[in-house]
Amino acid sequence: MSPPGPGGGGLPPGWSIELDPTARRTDGGRVLIGGSPFRFLRLTPAGAAWLDGVAAGGRLPASRASRRLARRLVDAALAHPVPAPDRGPSPADVAAVIPVRDAADGLRRTLATLGPVGEVVVVDDGSHDAGAVTRAAGGARVLRNDRSVGPGAARQRGWRATGRPFVAFVDDGVEAPDGWLAPLLAHLGDPAVAAVAPRVASSPGRAGPALAAYEAVRSSLDLGPVAAPVRPGSRVPYVPTAALLVRRTALASVGGFDPRMRVGEDVDLVWRL
């Protein structure tokens, strides 16, 4: 997700774009329509020729004008950024924050698949068996709340206890696939991007048939397979903090989570970001 409006001087050097699946070109390729929310953009003849080359899989020219036009298409949700490979921040710059309450087994599964990061902070939000959570945490740093304050307040305590420039919020029970963090970090190679999230899918084996059927049609976690800017009115109006990577400066600029909220605190944070 990026701030509204033009993002600085254009996409970073070495980046490219891919058109949104809904995008269509008319008037000899000079009018581009589609996106989410729906809109249209009229290109100059030079812009149309530029898009011909990019859409055919060509490299994005490195000129400032080219990168600014690419940014304009991204801001309009008519295209999506393709980061330059191996130019994003390092996993060592990431603090993973995991809130947990009486879910030692889920915490153990998450830590087993998390992969290398700079720091892991587990916030035990008033578990009845604190020892089980501490044992499941292994060598991770554990902060304990004597009573449950809710997941938003627990995440708030966790990220404020770290100094890393990027914070990965991950829920207990989430099983991350190999290499999950690298493409997210690549997007944060663009200083205009505040946060980025992967697709979150349910595991049918754990959900049970009834819940799996519901999740397949109307999941609050799985926002679909197609990339999108995250903002109200978009195809992806929010993303959950089941897995969310946030730039620390952006998180601090909005004050992080609202600790008074026990539900919907992740949507509230994302909208403020």
Side-chain angles (χ1 to χ4, degrees), residues 1-89 166 179 181-199 222-239 244-247 249-250 253-254 270-273:
M1 67 192 71
S2 302
L11 289 187
W15 285 44
S16 189
I17 59 170
E18 58 184 10
L19 289 179
D20 187 83
T22 67
R24 298 292 181 269
R25 299 177 67 184
T26 64
D27 192 19
R30 292 183 56 184
V31 173
L32 190 60
I33 61 175
S36 176
F38 184 85
R39 63 190 67 199
F40 77 93
L41 188 70
R42 183 175 293 277
L43 300 170
T44 65
W50 169 88
L51 187 55
D52 287 339
V54 173
R59 293 176 60 85
L60 190 68
S63 69
R64 178 172 295 184
S66 172
R67 292 187 289 112
R68 286 177 66 89
L69 180 53
R71 173 77 76 186
R72 187 179 178 191
L73 295 183
V74 168
D75 286 346
L78 290 164
H80 305 298
V82 178
D86 305 321
R87 294 193 190 178
F166 303 96
L181 191 56
L184 303 186
L185 285 169
H187 278 281
L188 288 171
D190 181 354
V193 175
V196 59
R199 184 181 185 185
D222 187 350
L223 280 302
V226 182
V230 181
R231 57 192 180 212
S234 168
R235 178 169 52 236
V236 180
Y238 69 91
V239 284
L244 177 68
L245 183 62
V246 189
R247 192 182 301 275
T249 53
S253 74
V254 299
V270 164
W271 283 353
R272 286 186 288 111
L273 283 172

- Message: For D190, is there an ion pair with R71 - N to carboxylate O distance below 4.0 angstrom?
- Response: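 Yes.
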Quick check: closest heavy atoms across [X] and [Y], and the distance to 0.1 Å?
| X | Y | result |
| --- | --- | --- |
| S16 | L11 | O-CD1, 3.9 Å |
| P232 | W271 | CG-NE1, 3.7 Å |
| L244 | A197 | CD1-CB, 3.9 Å |
| A186 | W15 | O-CZ2, 3.3 Å |
| R231 | A77 | NH2-CB, 3.7 Å |
| L245 | F166 | CD1-CB, 4.2 Å |

- Which value, rounded to the nearest 0.5 Å, describes the distance between R72 atom CZ and I17 atom CD1?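 The CZ atom of R72 sits 12.5 Å away from the CD1 atom of I17.
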- Between CG on residue D75 and CG on residue L41, distance to nearest 0.5 Å: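 With rounding to 0.5 Å, CG (D75) is 11.0 Å from CG (L41).
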Do side-chain atoms of [X] reach the backbone of [Y] as a donor and acceptor pair under 3.5 angstrom?
| X | Y | answer |
| --- | --- | --- |
| R67 | A62 | yes |
| R24 | G34 | no |
| H80 | A227 | yes |

Just to verify, what does [X] make a side-chain contact (heavy atoms from CB on, under 4.5 Å) with, not counting sequence neighbours?
| X | answer |
| --- | --- |
| T22 | D20, R235 |
| S66 | W50, L60, P61, S63 |
| R87 | A84 |
| P198 | L184, A243 |

- Task: Could you note down all residue pairs passing side-chain hydrogen bond (donor to acceptor under 3.5 Å, both in side chains) where residues 25-36 supplies at least one of them, sequence neighbours left out?
- Result: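 Passing the test, one end in residues 25-36: R25-D52, D27-R42.
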- Query: Is the number of heavy atoms from other residues, nucleotides or ligands within 6.0 Å of CZ (F40) greater than 12?
  - Reply: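 Open.
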- Message: As a quick check of understanding, evaluate side-chain contact (heavy atoms from CB on, under 4.5 Å) for L19 and L51, giving each step before the final call.
- Response: CA-CA 10 Å; L19 289 179; L51 187 55; 4.1 Å; yes
- Kindly write out the residues that satisfy side chain to side chain donor-acceptor pair (under 3.5 Å) with R272, not counting sequence neighbours, or none if the list is empty.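 Per chain and number, R272 pairs via side chain to side chain donor-acceptor pair (under 3.5 Å) with D268.
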